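Remember, predicted model here, so these are calculated numbers, not experimental data.
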Amino acid sequence: MAIAVGHCHGLKPPAARGRHYRPHSVAQLDRPALDRDHQERNALSPQRRCLSSPCFTTVFAPASEDQGAEPAGEEEKMPRVEIVAGRHARGVHALIAEAAGAIASGTRLVPAQGGLGGALLLKDGRSGEHVAVIKPLDDKSSPSNGGGGYESKAVLREVAAYLLDHDGFASVAPTAMIKISRPTMETTVASIQRFVAHHYDAGELGPSRFSVQSVHRVGILDVRLLNIDRHAGNILVKNPPTGDGSSSAVPLELVPIDHGLCLPEQLDDPYFEWLHWPQASRPFSSTELDYIASLDPFKDAEMLRVELPSLTEPAIRILTLCTIFLQRAAAAGLCLADIGDMMTREFSSMEEGLSALEALCKKAVDSIDAQSLKSVSFGELSSEEWTTFLEKFEKLLPPAFEAKKSRPASH
């Protein structure tokens, strides 16, 4: 059985092979973007590779005349996997090649245990190892409607999290959005993420065993994305080098998954599982500070507009704001726990108050000639107002950080 793998429409498949991969979670895309021709875009993003597979055909570019064309109509008989979003990210092509090999071998998709919304596990037919996690896109039957699919917004955000994890800093697994076309069957749109081998999630082990570096890197990602759902169940604990999952001598490394609730369209109350872990109160290392300083929120915002055109502007502005907040806070000497605490809402007399970050944003909005925001949502600001807002916001940060340093995190 052959299978075509590609990221463009109407391509003749050249002879090529490949195999092996693993995925995890996915996040959002609106239907109109799925049928749009995707032209070549600037690359940006991380992760690994691995090829070698049974008989299937990968389609990465139009076949040249000297390669020999497939017989007319032959391509239509093959299952076809197309990369809809995320194809420029490192490691994605290898992942899709491995997944295509598994699909071509007739491997069944198995429902993920404990998964919501119809997540499926893809196994390699030969080794029996898990290759990827596939999350079918189905807005009409999304979990909120009691159905078996994932909303487009959630799927897009999964891809965005991977694109933004530059150089694999936080170990987000390769993630993309794909379209699977099979003869006589309805086309399936889904997210796909490389499966990460693990014995535990963070909720099954005490945080004392986690490496400081891993906690910091997951936290840095969550702060940038304003993740409102970072609970222990979506932080996987990597298997130790021995593979027996029992060694307590080596600090354990973490892998974050399930980013469908990051990059909200307005400031919201995040949930950071790591906020009360002792590692979060440790100072950032020089490597971490260098990474934070190297981030370019405006370049990242433009990358998302190009790679994920269906991601809304308010969500992209949240990324810009939170990245700037992280950079200025880290440069001022705040630790991860302090930063997370300033982003989290306070409760007093059983009432929920604004977080320090929300209060700063409201103050900055009030200082410009803009319509008062019903909630802290930046989609209501014009481009000029947004630029002015950021200037006002940055001027408010130094005194806020000094006040925070004199009043440590409330945890």
Q.
With salt bridge (charged side-chain N to carboxylate O under 4.0 Å, His left out) as the rule and sequence neighbours excluded, what pairs involving residues 282-293 come up?
A. none
Q: Could you list the residues that satisfy salt bridge (charged side-chain N to carboxylate O under 4.0 Å, His left out) with Arg224, not counting sequence neighbours?
A: Asp300
Q: Examine distances only and state if a side-chain atom of Asp201 and a backbone atom of Leu236 form a donor-acceptor pair shorter than 3.5 Å.
A: no
Q: For Arg328, check side-chain hydrogen bond (donor to acceptor under 3.5 Å, both in side chains) against everything at least two apart and list the hits.
A: Glu394
Q) Could you give all pairs that pass the ring-ring contact (aromatic ring centres under 6.0 Å, His included) test and reach residues 302-334, with sequence neighbours left out? A) Phe325-Phe401
Q. What closest approach, in Å, do Leu121 and His130 show between heavy atoms, and which atom pair accounts for it?
A. CD1-NE2, 3.6 Å
Q: Find the distance between CG (Leu267) and OG (Ser355) and round it off to the nearest 0.5 Å.
A: 6.5 Å
Q) Which atoms form the tightest heavy-atom contact between Val237 and His198, and what is the distance? A) O-CB, 3.3 Å
Q. Between Lys362 and Glu358, is a salt bridge (charged side-chain N to carboxylate O under 4.0 Å, His left out) present by the stated rule, with each step listed?
A. CA-CA 6 Å; Lys362 280 193 172 291; Glu358 288 176 307; over 6 Å; no
(Q) Restricting to side chain to side chain contact (heavy atoms under 4.5 Å, CB included), what partner residues turn up for Ser382, sequence neighbours left out? (A) Glu384, Glu385
Q: Keeping the roles fixed (side chain from Asp165, backbone from Ala170), state whether a donor-acceptor pair exists under 3.5 Å.
A: yes
Q) Listed by chain and number, what are the side-chain hydrogen bond (donor to acceptor under 3.5 Å, both in side chains) partners of Gln213, not counting sequence neighbours? A) none
**Q.** Criterion side chain to side chain donor-acceptor pair (under 3.5 Å) against Ser214, the qualifying member of Glu253, Lys238, Gln279
**A.** Glu253
Q) So, does Arg217 use its side chain to make a donor-acceptor pair with the main chain of Ser171 at under 3.5 Å? A) no
Q) Closest approach of Ile235 and His231, non-hydrogen atoms and distance? A) CG1-O, 3.7 Å
Q.
Taking side-chain hydrogen bond (donor to acceptor under 3.5 Å, both in side chains) as the definition, give me every residue that meets it alongside Glu391, ordered by chain and number, with sequence neighbours left out.
A. none
Q. Is the backbone of Ala173 close enough, under 3.5 Å, to the side chain of Thr175 for a donor and an acceptor to pair up by distance?
A. yes
Q | Candidate pair Leu304 and Leu319, rule side chain to side chain contact (heavy atoms under 4.5 Å, CB included), full reasoning | A | CA-CA 10 Å; Leu304 290 181; Leu319 169 72; 3.6 Å; yes
Q. Which pairs with one or both residues in residues 204-226 pass ring-ring contact (aromatic ring centres under 6.0 Å, His included), sequence neighbours excluded?
A. Phe210-Trp277, His216-Phe284
Q.
Quick one, Lys299 with Glu302, criterion salt bridge (charged side-chain N to carboxylate O under 4.0 Å, His left out). Give me CA distance, side-chain angles, the key distance, then yes/no.
A. CA-CA 5 Å; Lys299 184 177 179 180; Glu302 188 55 35; over 6 Å; no
Q. Got a sec, which residues hit side chain to side chain contact (heavy atoms under 4.5 Å, CB included) with Ala232, two or more places apart in sequence or on another chain?
A. Ala202, Glu273
**Q.** Pairing residues for Glu402 by the salt bridge (charged side-chain N to carboxylate O under 4.0 Å, His left out) criterion, not counting sequence neighbours
**A.** Lys405
Q. Is the backbone of Asp229 close enough, under 3.5 Å, to the side chain of Asn234 for a donor and an acceptor to pair up by distance?
A. yes
Q: For Asp222, enumerate each residue passing the side-chain hydrogen bond (donor to acceptor under 3.5 Å, both in side chains) test, keeping only those at least two apart in sequence or located in another chain.
A: Asn227, Arg230, Trp274
Q: Please determine if Lys135 and Asp258 form a salt bridge, counting it only when a charged side-chain N lies under 4.0 Å from a carboxylate O.
A: yes
(Q) According to ring pair (Phe, Tyr, Trp, His ring centres under 6.0 Å), who are the partners of Phe389, at least two apart in sequence or on a separate chain? (A) Phe378, Trp386, Phe393
Q: Please report the closest heavy-atom contact between Ile339 and Ala330, naming both atoms and the distance.
A: CD1-N, 4.3 Å
Q | salt bridge (charged side-chain N to carboxylate O under 4.0 Å, His left out) assessment of Glu265 paired with Lys153 | A | CA-CA 11 Å; Glu265 296 184 352; Lys153 289 183 178 182; 3.5 Å; yes
**Q.** Nearest atoms (heavy-atom pairs only) where Gly260 meets Arg157
**A.** O-CD, 3.5 Å
(Q) If we ignore hydrogens and angles and just use 3.5 Å, is the side chain of Glu307 paired with the main-chain N or O of Ala85 as donor and acceptor? (A) no
